[in-house]
Visitor: 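One structure coming up, written as structure tokens, with questions to follow.
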Protein chains: 2
Amino acid sequence: MNKNKDVAGEEQSGALMADVARLAGVAISTVSRALANPGRVNEKTRAKINAAARQLGYTPNAMARGLRVGKSNIIMIILPGSLYYGVSQIIPQVLQSINKSLIQGGYNLMIANLDRDELSERHILDLAFGGSVRGVIILSSKLPEVDGRSLANSGLPIVSMLLDMSDAGLLSVVTNDREAVRDVTAELIRLGHRRFFYIAGPEGNYHDVERYGGVIEALEAAGLSEERVRRSGGHLDYQHGFDIGVQAADDFATLRERPTAVIATSDDMAISFVSRIQRAGLSIPGDLSVVSFDGSPVCEFSSPPLSTIEQPVEEMGRAAVDLLLDALGQTQNPTARTVIPSRFILRESIAAPKN
Amino acid sequence: MNKNKDVAGEEQSGALMADVARLAGVAISTVSRALANPGRVNEKTRAKINAAARQLGYTPNAMARGLRVGKSNIIMIILPGSLYYGVSQIIPQVLQSINKSLIQGGYNLMIANLDRDELSERHILDLAFGGSVRGVIILSSKLPEVDGRSLANSGLPIVSMLLDMSDAGLLSVVTNDREAVRDVTAELIRLGHRRFFYIAGPEGNYHDVERYGGVIEALEAAGLSEERVRRSGGHLDYQHGFDIGVQAADDFATLRERPTAVIATSDDMAISFVSRIQRAGLSIPGDLSVVSFDGSPVCEFSSPPLSTIEQPVEEMGRAAVDLLLDALGQTQNPTARTVIPSRFILRESIAAPKN
DNA sequence: CGATTTATAGCAAACGTTTGCCAAAAATCG
DNA sequence: CGATTTTTGGCAAACGTTTGCTATAAATCG
């Protein structure tokens, strides 16, 4: 059927700029300018060209343009390998927010998963060095690097989100993890709590360091020793938040002198911890106050409703895109850190300790 | 500093195939064949070329290749506008699973959000008709269409996931919504339940139709009238699952003859419903059995732990990619429907009715 | 009205690959 | 050893745009 190359073919395989030019009776270059540049072509000609383009259903070929101008309009987002967080909607929200902002700027979003294997690193580097991609937003603390190629010297602008990587020379958009936890701990101290239980994320992870740091700062500020807080966890990734919480409940049960307040680094941990603790006969907030991090909507429907520190995910996404698009202009990337404050949501899981 | 065009420049802006050819002492075409075709070039030459390529850190330019061969290696996934589901991790899991499968096939994943505005439709169509994209996976029931261009006749292979759109001629990968709900309803009937409460998704939505259909089928099979089930909800989208559940709890309270079993179309709905119902003094499963759909991990940590029908998200993702990649070969897309069975997770939220 | 400026349109050369076709070299055969 | 086949490598033309430069037409001026 389509062996015959003479058939019109307007329908099947897409009109070309040349077709539009022919129909409008102008040169190809004029069509190009009419569709892109603002004032370079006469208003009447432009109208004629637009009409022709619409009539043919013409859509410019993105790869041809990209090749010619040496830039793509695709932004890559690098997600941590396992984005299987139980209850938080961080990843979908990030994607949505970023994609929305990008589209307004005429860009597209490509996603890449950074696992711990060399294959995924290589894949990302191919994207970066193969000219497919114009800029990068990264949600992982590791910059892909293999065989001498490193994302760091791909020449692409990179913005780190959620994690502060300004030390590594990256623009970073984060929330105020440390202060937020410091403030909420201070509030717990003010309520009378003196013994704390901290449920940790993976040891050394930015969020864990910051949030734990916040606890310590609050203790210090109140003249309390670091001994006042017991750590649980630290060896599992956030994606195993429920397991961490379950484990923490076991840990908790073994303590002789029981803490009266729990600070969890994710809502997942808090939820499974609370579930197990209640099953063991303790009551919240009667015996134990609980607060966690993320701001997952479901916390409202726990019993009791859980207090949580809400991450300003959408704002961070928007800020990351703004920063990235700005950086596309400059040649020299300024290194900076943008902090978007979180929001503490106080619910019934917090009270003064019993005596 | 880089005004001088004579500097080596191996570092900065990427080596070209020509550079590799020069270093290896062969022609460009030989390099091209060495890197792509299997047996077309002598083993020794190939080794030399590979060495040169590695030494220069050469990465082929994807857009140039794409332009030349007339195909991109990007798959677009179209997500429904608001993917803000409270507790289910469906979207991240889908993305992860799909991306993983795609990468193995040498493809990349681009995401597109289909909102209800013309802008997002136009954007998707530009991607599809602009040659940027090689195939489409769609998670929305609406095919973008504007100004005479429609995704349906973009010539791209399209696979629908989660929703059955085989009627519209699309390859579809779904789970057995209807049967799963039918079976679980039958089980509730077997336990002695005779009055049901159904918490609905948006009226007319595929999932709602199927799942409600399952309830009705089970009733019929047991010789019970449709009157046995009360519907609540139907006007809000799944993204407002918590609100639907809260509303449903209010509805429930107004009923004179109270149902003894609740079937919710999403975990979100079940969770907020349960929260409110318990606050009103009812006990689960003592007064009321509850089951829902999605299989969110957090259901295990509710009190009581919630029974739920788990969607086989990863398998569906893999299947969708397999189907799509197959379709890239054929010219004629067969229209078919692939059903991946769900898995019922029985937990303590279900029991026999009181009397 | 001729000369100079300004607006508009066209020609053709890129962008970095892939690939059809041909030539040279190597291997095989009679 | 010459003739034929097979392997291997190179030339150059695409792919669909953008854009520097040039040519024409229109407008302005002395």
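None of these values were measured; they are calculated from a predicted model. Residue numbering restarts at 1 for every chain, and letters A, B, ... go by the order of the sequence lines. The figures here come from the full heavy-atom set of this structure, side chains too, leaving out hydrogens, waters and symmetry mates.
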Visitor: How close do G135(B) and L156(B) get, counting heavy atoms only, and between which atoms?
Guide: N-CD2, 4.3 Å
Visitor: Name the closest nucleotide to the V69(B) side chain, picking from dT17(D), dG20(C), dT18(C).
Guide: dT18(C)
Visitor: Between Y107(B) and R134(B), is there a cation-pi geometry (under 6.0 Å to ring centre, at most 45° from the normal)?
Guide: no
Visitor: When only distance counts, do a donor and an acceptor, one from the side chain of T30(A) and one from the base of dG10(C), lie under 3.5 Å apart?
Guide: no
Visitor: Report the distance from atom CD1 of I28(A) to atom P of dA14(C), rounded to the nearest whole Å.
Guide: 17 Å
Visitor: Under 4.0 Å: is that the gap between some side-chain N or O of Y58(A) and OP1 or OP2 of dT17(D)?
Guide: yes
Visitor: Does R68(A) contact dG16(C) through a side-chain donor or acceptor facing the base, at a distance under 3.5 Å?
Guide: no
Visitor: Just compare dG10(C), dT17(D), dG9(D) and give me whichever is closest to any side-chain atom of R65(A).
Guide: dT17(D)
Visitor: Going through the distances and angles, do R116(B) and K142(B) end up as a side chain to side chain contact (heavy atoms under 4.5 Å, CB included)?
Guide: CA-CA 10 Å; R116(B) 295 234 169 66; K142(B) 179 174 193 305; over 6 Å; no
Visitor: Nearest-nucleotide wise, let me know which of A36(B) and T45(A) is further upstream toward the 5' end of DNA chain C.
Guide: T45(A)
Visitor: Is S32(A) near enough to dT18(D) that one of its side-chain N or O atoms lies under 4.0 angstrom from OP1 or OP2?
Guide: yes
Visitor: Quick one: F129(A) CZ to dG16(C) P, roughly how many Å, whole number?
Guide: 16 Å
Visitor: Whole angstroms only, please: what is the CE-C1' distance between M63(B) and dT17(D)?
Guide: 11 Å
Visitor: Has the side chain of S29(B) got a donor or acceptor atom sitting under 3.5 Å from an opposite partner on the base of dG9(D)?
Guide: no
Visitor: Of the candidate nucleotides dT19(C), dC11(C), dC15(C), which contains the atom at the shortest distance from the side chain of L67(A)?
Guide: dC15(C)
Visitor: For the side chain of R33(A), starting at C-beta, report the closest nucleotide among dT17(D), dT19(D), dG16(C).
Guide: dT19(D)
Visitor: Looking at K100(A) and E314(A), does any basic side-chain N land under 4.0 Å from a carboxylate oxygen?
Guide: no
Visitor: For A64(B) and N42(B), take the nucleotide of DNA chain D holding the closest heavy atom to each; which residue's nucleotide lies nearer the 5' end?
Guide: N42(B)
Visitor: Write down the distance between NZ (K71(A)) and P (dT19(D)), rounded to a whole number of angstrom.
Guide: 9 Å
Visitor: Less than 4.0 angstrom between a side-chain N/O of N61(B) and OP1 or OP2 of dT17(C), yes or no?
Guide: no
Visitor: Do N108(B) and H123(A) pair up side chain to side chain, a donor and an acceptor below 3.5 Å, judged on atom types alone?
Guide: yes
